[in-house]
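Quick note on labels: first sequence line is chain A, next is B, and so on, each numbered from 1. Bear in mind the structure is a predicted one, so any value in this text is a computation, not a measurement.
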Amino acid sequence: MSLRPLRKKHHVLYYSHHGRPPRPVHIVHRFAMPIVVPLLLVLGSAFIATGYFVVPSSYAAEGARLLAALGASLLRLLIAFVLSLLVGIPLGLWAERSRRAESILLPVFDVLESMPVLAFFPVIILFFLHAGLLEGAAIFIIFFSMVWSIAFSVVGGLKQIPADVKAVGKIFGLTRWQRFREILLPALFPATLTGSILALAAGWNIVIVSEALHAYSPHAAQAHDLFGLGSIIVAASVGGQNALLVSAMLLLVITIALVNLFIWQPLLAHAERFKFE
Amino acid sequence: MRMLSALNLNNMEDSAPILSFEAVSFGYGPHLPSILTNVSFMLKPDTFTVIVGPSGGGKSTLLRLASRLDVPTSGTVKNTARTRMIFQNAALLPWKTALQNVLVGTTDLPGTPAEKKARALAALAEMSLTEHANKTPRELSGGQRQRVGIARALVSEPQFLLLDEPFSALDFETAEKLSQEVLAIFNKKGITMLMVSHSIEDAVLLADEILVCAGGTIADHVVVPMPRPRNRTDAQVLALIAQVRKFIPES
């Protein structure tokens with residue numbers, strides 16, 4: 001296929017870093033970089049590790065199960081992400097509210113963020129096992145790995161808002177709620193988006209292990225494992241089902257690339273208009 | 001011409017002041033040095049006052065106190081007028097269009113959204129920005145942005161306008177043009193104006209009174225007696241510029 005630029009309608013605006021104008025990017029480049037290159041890397045490393053280069057047809061029947069597992073993992077991530085936004089944004093706003101609050105809360109956030117959450121996972125599992133909410137254990141641990149990115153990005157975003165812009169709300173008679181809705185929230189959008197991307201990346205890391213509960217708690221059996229792409233990857237890896245492992249990994253890479261292409265990139269491009277010069 | 005002593009508050013009893021500072025001191029914390037100490041002055045209605053002084057002298061803090069953004073550590077600031085502000089870099093919201101930014105100035109006004117929109121469009125028209133109403137600040141020049149900021153400030157028909165170095169981020173030609181527009185607004189609408197400026201020339205060209213803010217207090221006060229419009233090359237203007245320059249410690 002020729003890499004000659006396509007007609008104008010096939011050009012797409014792709015996110016470019018702040019300060020650079022958006023530029024039309026060839027549609028092949030747009031898909032090649034975020035999807036094809038990671039896929040080749042995964043396939044290459046999978047081949048070296050397992051001897052499988054392509055997914056055998058016997059696993060085609062597993063496709064529906066893998067997609068359902070992906071859906072379950074995505075739902076967990078989504079719930080944990082929404083919870084992170086609901087908790088992280090107020091935490092960030094609270095920390096920035098006064099110098100005193102900042103001096104107390106930021107070190108606490110620092111410690112909690114640095115805490116190896118997997119070290120506490122057995123205790124967390126035990127707690128939720130007793131409550132009969134194993135799903136809660138997975139969501140909690142994903143949430144805990146996400147929330148600090150959001151909180152810190154909100155604190156950073158608040159510091160980026162020029163003092164004059166903060167003054168506009170007060171001088172022009174906006175109520176506290178109007179200032180929050182009309183000025184603060186839109187101004188925080190770029191920073192919160194960056195925090196969200198980091199949070200979701202951390203969430204993808206944790207979702208793999210959060211579903212394989214039996215691996216982290218002596219009180220949990222394999223039957224307690226949660227259905228999802230993560231538990232399939234762990235089980236396939238332990239059970240030597242290399243083809244299944246490669247299939248699940250490919251699905252994971254494609255999903256992450258699609259989320260990046262169709263959610264994060266358009267949002268990043270949109271966030272440019274919310275940035276202060 | 002120059003009043004060397006601190007302003008006598010009793011001299012202004014002939015008309016109720018629009019703003020008064022009485023023995024105002026301000027600092028950001030009990031253990032931090034004071035930014036303003038024992039500042040007293042008042043502004044009569046329909047006057048144009050410019051605060052000049054060296055950087056770090058407390059000029060912008062005076063403006064923040066006048067706009068009630070900050071509360072004095074001691075002393076009293078009285079300002080009961082409808083007050084609006086024009087900022088150094090316009091302080092527009094980048095995600096809103098020019099029209100939407102001006103609508104921010106109508107937030108606390110009575111009226112339907114349609115009435116507010118009509119007012120905002122009229123304010124934009126007054127600043128010759130009708131054709132730019134639907135553009136975002138990024139699509140506007142520095143001068144156009146500042147004019148949107150002025151429209152936002154004027155749309156609610158304020159009695160008192162604070163101007164925080166409104167021309168300092170603009171090129172000379174645009175700044176000159178905009179300062180004439182501000183003067184025209186002052187003459188037409190009779191809004192009391194208090195402007196902070198680093199430019200002594202602008203102060204002498206525009207002001208009825210110049211307050212020299214240095215060392216955290218009003219160090220000097222100069223009345224400008226010449227009628228407006230004033231010419232930058234006029235001998236009287238040049239003499240006054242030289243005189244005010246002497247009062248500013250760093251120059």
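- Interface with chain A: from residues 150-189 of chain B, residues B/Arg152, B/Ala153 qualify, criterion being any non-hydrogen pair under 4.5 Å.
- Residues B/Pro94 and A/Phe276 form a side-chain contact, since some pair of their non-hydrogen atoms from C-beta on lies under 4.5 Å apart.
- Residues of residues 64-74 of chain B that come within less than 4.5 angstrom of chain A, heavy atom to heavy atom, are B/Ser67, B/Leu69 in numerical order.
- By a heavy-atom distance cut of under 4.5 Å, A/Asp164, A/Val165, A/Ala167, A/Val168, A/Lys170, A/Ile171, A/Phe172, A/Gly173, A/Leu174, A/Gln178, A/Glu182, A/Ile183, A/Pro186, A/Ala187 are the residues of residues 159-187 of chain A near chain B, going up by number.
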Hey, can you pull the donor-acceptor pairs under 3.5 Å for the side chains in residues 98-108 of chain B, sequence neighbours left out?
residue	atom	partner	partner atom	Å
B/Gln100	OE1	B/Thr97	N	2.8
B/Gln100	OE1	B/Thr97	OG1	3.4
B/Asn101	OD1	B/Leu93	N	2.8
B/Asn101	ND2	B/Leu93	O	3.1
B/Asn101	ND2	B/Lys96	O	3.2
B/Asn101	ND2	B/Thr97	O	3.2
B/Thr106	OG1	B/Leu103	O	2.6
B/Thr107	OG1	B/Val104	O	2.5
B/Asp108	OD1	B/Arg84	NH2	2.8
B/Asp108	OD2	B/Arg84	NH2	3.4

### Task
Applying salt bridge (charged side-chain N to carboxylate O under 4.0 Å, His left out), run through A/Glu277 and B/Arg145 and close with a yes or a no.
CA-CA 13 Å; A/Glu277 288 182 357; B/Arg145 282 180 216 171; 3.1 Å; yes

